[in-house]
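In what follows, a single structure is set out as structure tokens and then discussed.
As the structure lists them, so they are numbered: ligands from 1, and atoms in each ligand from 1. Please read these numbers as outputs of a predicted model, since none were measured by experiment. Just so you know, residue 1 is the first one in the sequence shown, and it goes up from there.
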Amino acid sequence: MDTPAGRPTALVTGASAGLGAAYAAHLAAAGHDLVLVARDGARLGELAERLGEQHGARVEVLVADLARREQLAAVAARLGDATRPVDLLVNNAGYGLKQSLAVGEVELLERHFDVLARAVLVLSNAAAKGMVARGRGHVLNVGSVAGLLAGGGHYAALKGYVLALTESLAKDLRGTGVTATVVLPGYVRTEFHARAGMRGASGPSRAWLEPDDVVTTSLRDTFAGRLVSVPSPQYRALAAVLGVLPRSAVRAAWRLGSRAAPSTARTDLRRD
Ligand SMILES: NC(=O)c1ccc[n+]([C@@H]2O[C@H](COP(=O)([O-])OP(=O)(O)OC[C@H]3O[C@@H](n4cnc5c(N)ncnc54)[C@H](OP(=O)(O)O)[C@@H]3O)[C@@H](O)[C@H]2O)c1
């Protein structure tokens with residue numbers, strides 16, 4: 001695969017915290033310039049300054065709420081700007097939501113859908129168009145092992161969409177020099193669980209991954225052109241088991257799990 005002549009540029013959504021900030025730091029250290037996207041402009045500005053000083057990266061800050069169509073369109077327009085090509089898109093922004101699909105507030109579910117699904121579709125398409133024209137580039141979508149969990153709530157449904165979308169995108173990109181990868185992390189130590197009001201931080205310590213480990217593995221798999229990246233052996237084993245179990249068996253396990261007193265880990269994995 002061709003590499004760009006100068007420093008490559010990566011656009012990372014959800015770069016103000018957690019995995020997104022870790023992607024930004026790893027990519028800057030590896031010689032990328034960056035476009036950082038999130039709602040919190042102050043945090044993005046601080047990160048941009050630090051990465052510029054530490055690694056000599058040129059860092060643009062693009063403040064956007066991906067749930068708002070006009071702001072999402074501005075990010076898509078940046079990806080489509082042929083005069084400032086983006087070589088890697090990391091669709092990372094996301095959050096957990098405790099809302100029943102049956103009786104929850106549909107506005108909250110729609111906003112969740114817009115950030116975790118619609119934005120991933122729109123930005124993948126905007127990035128891929130330019131990358132295909134240039135014959136090179138990578139799209140990395142942040143999914144979750146939760147996306148393999150039949151009956152795992154709205155978050156799992158949206159992460160299931162991200163997995164299926166990436167599989168189909170990769171097929172459409174075959175032979176173009178552009179690759180699509182989806183990473184399926186398990187629990188990662190970020191702000192995710194606290195922001196969603198979950199108790200996950202108290203789960204078993206061996207279940208937890210560090211952002212750096214997820215980022216290192218998924219970037220390696222992205223640049224190798226692999227479709228699915230599952231960081232850490234325990235989650236690779238879980239993904240393999242979930243991949244061969246019938247969906248009815250996974251749904252039955254949820255039913256049993258919710259009848260027993262739900263442990264912290266179980267409850268939070270379902271919502272993660
Ligand atoms: N942590 C886990 O256990 C885990 C496991 C599997 C998958 N994931 C996935 O990993 C990704 C990153 O999550 P994280 O764990 O790093 O969580 P985090 O620390 O809470 O960071 C989430 C990021 O998403 C951004 N974001 C949220 N809503 C946004 C919106 N409407 N528009 C723009 N940006 C928005 C936040 O920035 P602002 O608030 O500044 O907008 C923040 O930068 C998510 O897709 C998540 O689903 C996480």
Side-chain angles (χ1 to χ4, degrees), residues 11-26 35-48 61-76 90-97 108 110-120 122-123 140-149 152-163 165-166 182-203 207-215 217-218 229-232 235 238-239 264-265 267-272:
L11 186 148
V12 181
T13 71
S16 61
L19 282 172
Y23 277 115
H26 277 244
V35 185
L36 305 181
V37 180
R39 292 166 301 179
D40 189 330
R43 286 182 90 175
L44 291 181
E46 281 165 29
L47 181 62
V61 165
L62 196 45
V63 177
D65 181 344
L66 299 177
R68 303 191 49 175
R69 290 198 174 205
E70 71 289 358
Q71 297 186 22
L72 175 64
V75 181
V90 185
N91 270 315
N92 163 77
Y95 60 97
L97 180 71
L108 294 179
E110 277 186 294
R111 199 175 308 149
H112 201 212
F113 177 88
D114 285 344
V115 177
L116 274 78
R118 187 172 187 279
V120 176
V122 169
L123 299 183
L140 169 58
N141 292 330
V142 179
S144 169
V145 285
L148 301 169
L149 292 173
H154 196 231
Y155 181 83
L158 295 176
K159 291 300 189 185
Y161 170 79
V162 171
L163 171 59
L165 174 84
T166 314
V182 59
V183 56
L184 309 180
Y187 295 119
V188 193
R189 288 187 207 280
T190 66
E191 298 174 14
F192 180 97
H193 296 85
R195 284 188 192 223
M198 298 171 184
R199 294 162 296 147
S202 59
W208 286 86
L209 307 176
E210 295 302 326
D212 283 347
D213 299 330
V214 174
V215 167
T217 303
S218 58
S229 177
V230 187
S232 96
Y235 286 110
L238 176 64
T264 305
T267 307
D268 291 343
L269 184 60
R270 180 181 51 199
R271 288 168 180 157
D272 165 317

Would [X] count as being in polar contact with ligand 1, using the rule that some N or O on each side must be under 3.5 angstrom apart?
| X | result |
| --- | --- |
| G14 | yes |
| S16 | yes |
| W208 | no |
| V188 | yes |
| Y155 | yes |
| A38 | no |
| L66 | yes |

In terms of heavy-atom contacts, F113 and H154 come closest through N-CE1, 4.0 Å
List the atom of V63, the atom of R39, and the distance in Å for their closest heavy-atom pair. CG1-O, 3.3 Å
Side chain to side chain, Y155 and L116, heavy atoms closer than 4.5 Å: yes
Within a strict 4.5 Å, meaning less than it, do heavy atoms of the P211 and T190 side chains meet? yes
Within a reach of under 6.0 Å around CZ of R111, are more than 12 heavy atoms found that belong to other residues, nucleotides or ligands? no
Would you compute the distance between atom [atom1] of [X] and atom [atom2] of [Y] and round it to the nearest 0.5 angstrom?
| X | Y | atom1 | atom2 | answer |
| --- | --- | --- | --- | --- |
| R69 | D114 | CZ | CG | 6.0 Å |
| R195 | L97 | CZ | CG | 14.0 Å |
| R189 | Y187 | CZ | OH | 12.0 Å |
| D65 | D40 | CG | CG | 12.0 Å |
| L44 | L62 | CG | CG | 9.0 Å |

Quick one: which ligand 1 atoms are inside 4.0 Å of a heavy atom on [X]?
| X | result |
| --- | --- |
| Y187 | 3 (O) |
| V115 | 31 (N) |
| G18 | 16 (O), 19 (O) |
| V142 | 9 (C), 10 (O), 11 (C) |
| D40 | 40 (O) |
| A64 | 32 (N), 33 (C) |
| S144 | 6 (C), 7 (C) |

Report the part of [X] in contact with ligand 1, treating N, CA, C, O as backbone and CB onward as side chain, heavy atoms under 4.0 Å; options are side chain, backbone, both, neither.
| X | value |
| --- | --- |
| R195 | side chain |
| D65 | both |
| A119 | neither |

Is [X] close enough to touch ligand 1? Criterion: a residue heavy atom under 4.0 Å from a ligand atom.
| X | value |
| --- | --- |
| R189 | no |
| G143 | yes |
| P211 | no |
| K159 | yes |

The residue among L66, V61, V12 that forms side chain to side chain contact (heavy atoms under 4.5 Å, CB included) with V37 is L66
Between G186, P185, G20, A146, flag the one that comes closest to atom 5 (C) of ligand 1 by a heavy atom. G186
Residues in side-chain contact (heavy atoms from CB on, under 4.5 Å) contact with A239, at least two apart in sequence or another chain: L148, V230
Just to verify, what does E110 make a salt bridge (Lys or Arg N to Asp or Glu O under 4.0 Å) with, not counting sequence neighbours? none
